[in-house]
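If you read the sequence from its start, that first residue is 1, and numbering goes on from there.
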Amino acid sequence: QAIQPYYQPDSWEAYCPSLNQFNLYSLTHTYRSTKQIVDEANKIILPISKGKFEVSMFNPRLGSDVRKEVVQFELLESRIAYWIEQYMKNGYHSFAFVTLDPIVDIELNIPVIPIEKYSSVSGAKFVVGDPLELKGLEFDVVFVDELSPFPASDYGKKLKYVAYTRALHQLHVLTSH
């Protein structure tokens with residue numbers, strides 16, 4: 001599952017000659033994120049899949065609609081703080097702000113945890129990082145910063161897909177328009 005912009009074979013079968021025994025399994029069901037989050041992420045990735053890979057199309061776990069919110073940069077921190085407070089009342093404890101802007105600094109009432117220490121901290125926690133740093137991690141709630149837009153390239157779409165699929169229960173897309 002590579003998202004780096006370097007050579008990738010057209011299919012996994014290209015690896016068969018170098019492997020003694022090879023079983024290829026396609027995962028077309030996902031139970032991690034909600035149907036709404038998977039559907040939103042698939043809108044990004046389907047146009048560039050071009051038959052090279054399958055995407056998760058089936059998810060029986062329903063959730064809330066993906067929230068797309070227009071927000072001014074000056075109000076970003078207060079909007080995130082508001083939503084985190086609401087979600088903590090509903091039992092959510094892990095939050096991420098995914099951004100391509102390396103200088104975004106967010107101060108909240110819960111600790112902002114360095115990514116490398118995320119798994120060792122218990123209780124409510126908040127992480128700020130770019131999609132590559134957060135790849136492989138999962139959060140109850142994810143806020144995706146589209147105030148700093150993702151590149152329009154296939155690579156940018158893959159980064160956006162990774163950002164969206166970090167969410168387990170709630171996804172907020174924050175934009176300026």
Side-chain angles (χ1 to χ4, degrees), residues 1 3 27-49 53-101 104-113 115 118-119 121-150 152 156-177:
Q1 185 186 20
I3 64 171
L27 303 177
T28 57
H29 290 58
T30 180
Y31 298 94
R32 188 176 58 80
S33 297
T34 66
K35 178 181 182 339
Q36 290 82 350
I37 293 168
V38 171
D39 288 348
E40 195 69 26
N42 282 345
K43 288 179 192 174
I44 298 164
I45 206 71
L46 278 172
I48 65 170
S49 69
F53 53 86
E54 292 186 46
V55 296
S56 298
M57 297 299 292
F58 178 76
N59 186 319
R61 191 167 73 85
L62 294 176
S64 301
D65 288 340
V66 172
R67 295 182 194 275
K68 294 192 176 185
E69 185 173 352
V70 175
V71 63
Q72 296 171 349
F73 185 78
E74 307 80 51
L75 301 176
L76 183 64
E77 215 168 78
S78 64
R79 290 304 299 156
I80 291 173
Y82 167 79
W83 282 114
I84 286 177
E85 182 180 324
Q86 300 306 309
Y87 288 131
M88 286 180 72
K89 289 177 185 175
N90 291 317
Y92 296 133
H93 297 288
S94 62
F95 305 91
F97 180 71
V98 187
T99 182
L100 293 179
D101 185 348
V104 169
D105 187 27
I106 302 220
E107 297 285 328
L108 299 169
N109 291 335
I110 63 173
V112 177
I113 306 297
I115 293 167
Y118 176 77
S119 61
V121 175
S122 60
K125 47 195 167 185
F126 184 78
V127 174
V128 176
D130 70 40
L132 291 177
E133 292 174 314
L134 300 177
K135 190 171 187 320
L137 298 176
E138 299 173 338
F139 306 91
D140 293 331
V141 180
V142 171
F143 300 91
V144 177
D145 172 14
E146 289 193 11
L147 299 168
S148 322
F150 286 81
K157 291 174 184 171
K158 290 177 182 180
L159 289 174
K160 191 174 184 180
Y161 176 83
V162 169
Y164 279 33
T165 57
R166 301 307 87 213
L168 292 173
H169 305 290
Q170 300 291 331
L171 174 63
H172 286 254
V173 178
L174 306 170
T175 182
S176 59
H177 56 281

query: How many angstroms lie between CZ in Phe126 and CZ in Phe139, if you round to the nearest 0.5 Å?
result: 9.5 Å

message: Can you classify the ring geometry of His169 versus Tyr92 as parallel (below 30°), tilted (30 to 60°) or perpendicular (above 60°)?
response: parallel

- prompt: Atom CD of Glu40 and atom CG of Asn42: how far apart are they, to the nearest 0.5 Å?
  reply: 10.0 Å

- prompt: Out of curiosity, Asp65 CG to Lys35 NZ, how far, rounded to the nearest 0.5 Å?
  reply: 10.5 Å

- request: Calculate, to the nearest 0.5 Å, the distance between atoms OG1 and CG belonging to Thr165 and Leu134 respectively.
  value: 10.5 Å

field: Under-4.0 Å salt bridge between Lys68 and Glu146
entry: no

Separation between CG of Asp130 and CG of Leu159, rounded to the nearest 0.5 Å: 7.5 Å

query: Quick one: which of Val128, Leu174, Leu76 gives a side chain to side chain contact (heavy atoms under 4.5 Å, CB included) with Thr99?
result: Val128

message: Contact between Leu132 and Val162 at the side-chain level, heavy atoms closer than 4.5 Å - yes or no?
response: no

field: Stepwise side chain to side chain contact (heavy atoms under 4.5 Å, CB included) test for Tyr164 and Val173
entry: CA-CA 8 Å; Tyr164 279 33; Val173 178; 3.5 Å; yes

- prompt: How far does CD1 of Ile44 sit from NZ of Lys160, to the nearest 0.5 angstrom?
  reply: 5.0 Å

- prompt: Just wondering, do Lys158 and Ile45 contact through their side chains at under 4.5 Å, heavy atoms?
  reply: yes

query: Just by distance, with hydrogens left out, do Gln170 and Trp83 show a side-chain donor and acceptor under 3.5 Å apart?
result: no

message: With heavy-atom distances below 4.5 Å as the criterion, would you say the side chains of Tyr161 and Lys157 are in contact?
response: no

